[in-house]
Q: 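I have a structure here, written as structure tokens, and I will follow up with some questions on it.
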Amino acid sequence: MVTRKASCCCGQLSIEVDGEPGGVGVCHCLACQQRTGSVFAALAGFAAPFRVSGKATEYVRTGDQGAQFRFRFCPVCGSTVFHTEEGDEGRVSVAVGAFADPSFPAPTVSVYDSRRHSWVALPAGAKTFVKDPD
């Protein structure tokens with residue numbers, strides 16, 4: 001089984017996950033755009049267990065359907081590394097860029113596609129949702 005490690009820019013905060021991602025997607029919601037400072041967030045979901053090293057600053061945000069998401073950032077360099085959904089301890093979503101791996105699998109899902117910038121092109125065959133399908 002493959003083990004992957006994602007970390008912040010300075011290396012102080014990291015997470016190790018096992019196996020292949022259960023899904024890779026991009027989110028174009030305005031909250032993700034503001035949180036990342038980019039025009040979308042790219043996330044990969046993994047099943048527990050996962051191992052975290054270092055200290056994180058946490059921010060809890062309530063999604064449009066009422067779910068609460070706990071985002072973890074490095075307090076030193078500010079990089080987003082991962083987040084979990086409150087009440088669902090069985091999975092973690094890791095920022096794809098934190099793996100620093102250009103060969104990482106491409107996204108297959110795009111949520112909040114209604115807020116996608118017109119110049120952002122998705123991989124062929126990506127399934128799109130106007131909002132969050134949950």
Side-chain angles (χ1 to χ4, degrees):
M1 178 181 302
V2 66
T3 297
R4 288 184 167 91
K5 183 176 181 179
S7 67
C8 64
C9 188
C10 74
Q12 186 277 137
L13 177 62
S14 66
I15 184 170
E16 285 189 348
V17 292
D18 297 318
E20 295 301 321
V24 180
V26 290
C27 179
H28 306 276
C29 79
L30 299 179
C32 278
Q33 290 183 33
Q34 288 180 310
R35 179 180 58 79
T36 64
S38 183
V39 296
F40 59 84
L43 303 162
F46 291 89
F50 52 90
R51 295 157 302 285
V52 176
S53 297
K55 294 183 181 182
T57 296
E58 298 182 353
Y59 171 71
V60 177
R61 185 181 77 76
T62 302
D64 289 351
Q65 268 98 22
Q68 292 191 313
F69 302 95
R70 184 173 299 271
F71 294 92
R72 273 62 162 225
F73 304 85
C74 175
V76 177
C77 67
S79 301
T80 296
V81 180
F82 66 97
H83 77 269
T84 53
E85 184 176 342
E86 298 290 286
D88 185 359
E89 316 318 328
R91 63 185 175 154
V92 64
S93 294
V94 182
V96 170
F99 289 106
D101 177 3
S103 68
F104 199 86
T108 59
V109 174
S110 175
V111 298
Y112 282 95
D113 210 61
S114 60
R115 296 181 181 155
R116 177 167 46 103
H117 288 235
S118 62
W119 50 265
V120 173
L122 299 173
K127 186 170 183 168
T128 61
F129 296 92
V130 173
K131 291 189 173 188
D132 189 347
D134 290 344

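Positions are given from 1 along the sequence. On a predicted model such as this, the values are computed, not experimentally measured, just so you know.
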Q: Give me the atom names and distance for the closest heavy-atom approach of A95 to T80.
A: CB-O, 3.9 Å

Q: In terms of hydrophobic clustering (I, L, V, M, F, W, Y; side-chain heavy atoms under 4.5 Å; direct or indirect links), are V17 and F82 co-clustered?
A: yes

Q: Report yes or no: do F99 and I15 belong to one cluster of Ile/Leu/Val/Met/Phe/Trp/Tyr joined by side chain heavy-atom distances under 4.5 Å?
A: yes

Q: From C74 SG over to K55 NZ, what is the distance, rounded to the nearest 0.5 angstrom?
A: 11.5 Å

Q: Between the main-chain N or O of G19 and the side-chain N or O of R4, is there a donor-acceptor pair closer than 3.5 Å?
A: yes

Q: State yes or no: do V24 and F40 share one hydrophobic cluster built from I, L, V, M, F, W and Y residues joined by side-chain heavy-atom distances below 4.5 Å, directly or via other members?
A: no

Q: Quick check: closest heavy atoms across A6 and V81, and the distance to 0.1 Å?
A: O-CG1, 4.3 Å

Q: If only atom types and distance count, is the side chain of E86 paired as donor or acceptor with the main-chain N or O of V60 below 3.5 Å?
A: no

Q: For F73 versus G78, what's the shortest heavy-atom pair and its separation?
A: CD2-O, 3.9 Å

Q: Working note: R116 + V26, criterion side chain to side chain contact (heavy atoms under 4.5 Å, CB included); need CA distance, chi angles, decisive distance, verdict.
A: CA-CA 10 Å; R116 177 167 46 103; V26 290; over 6 Å; no

Q: Between S7 and S14, what is the shortest heavy-atom contact and its length?
A: CB-CB, 3.7 Å

Q: For a quick test of reading the model, state the closest non-hydrogen atom pair linking F71 to R61 and the distance between them.
A: CE1-CB, 4.1 Å

Q: Sequence neighbours excluded, which residues qualify as side-chain hydrogen bond (donor to acceptor under 3.5 Å, both in side chains) partners of S110?
A: H28, D113

Q: To the nearest 0.5 Å, how far apart are OH in Y112 and CD in Q33?
A: 12.0 Å

Q: Run the side chain to side chain contact (heavy atoms under 4.5 Å, CB included) check on R51 and D18 step by step: do they pass?
A: CA-CA 9 Å; R51 295 157 302 285; D18 297 318; 2.9 Å; yes

Q: Report yes or no: do L13 and F50 belong to one cluster of Ile/Leu/Val/Met/Phe/Trp/Tyr joined by side chain heavy-atom distances under 4.5 Å?
A: yes

Q: Would F104 and V94 show up in the same hydrophobic cluster when neighbours are defined by side-chain heavy atoms closer than 4.5 Å?
A: yes

Q: Could you go through the side chain to side chain contact (heavy atoms under 4.5 Å, CB included) check for V96 and D101 one step at a time?
A: CA-CA 8 Å; V96 170; D101 177 3; over 6 Å; no

Q: Please check if the side chain of S79 supplies one atom and the backbone of C9 the other of a donor-acceptor pair under 3.5 Å.
A: yes

Q: I'd like to know if the side chain of R72 reaches the main chain of R70, judged simply by a donor and an acceptor atom lying under 3.5 Å from each other, with no hydrogens or angles considered.
A: yes

Q: Taking all heavy atoms of R91 and all of T84, pick out the closest pair and write down the distance.
A: O-CG2, 3.8 Å

Q: If I take atom CD from residue E16 and atom OG from residue S53, how far apart are they, to the nearest 0.5 angstrom?
A: 6.5 Å

Q: Return the CD to CE distance between E20 and M1, rounded to the nearest 0.5 Å.
A: 9.5 Å

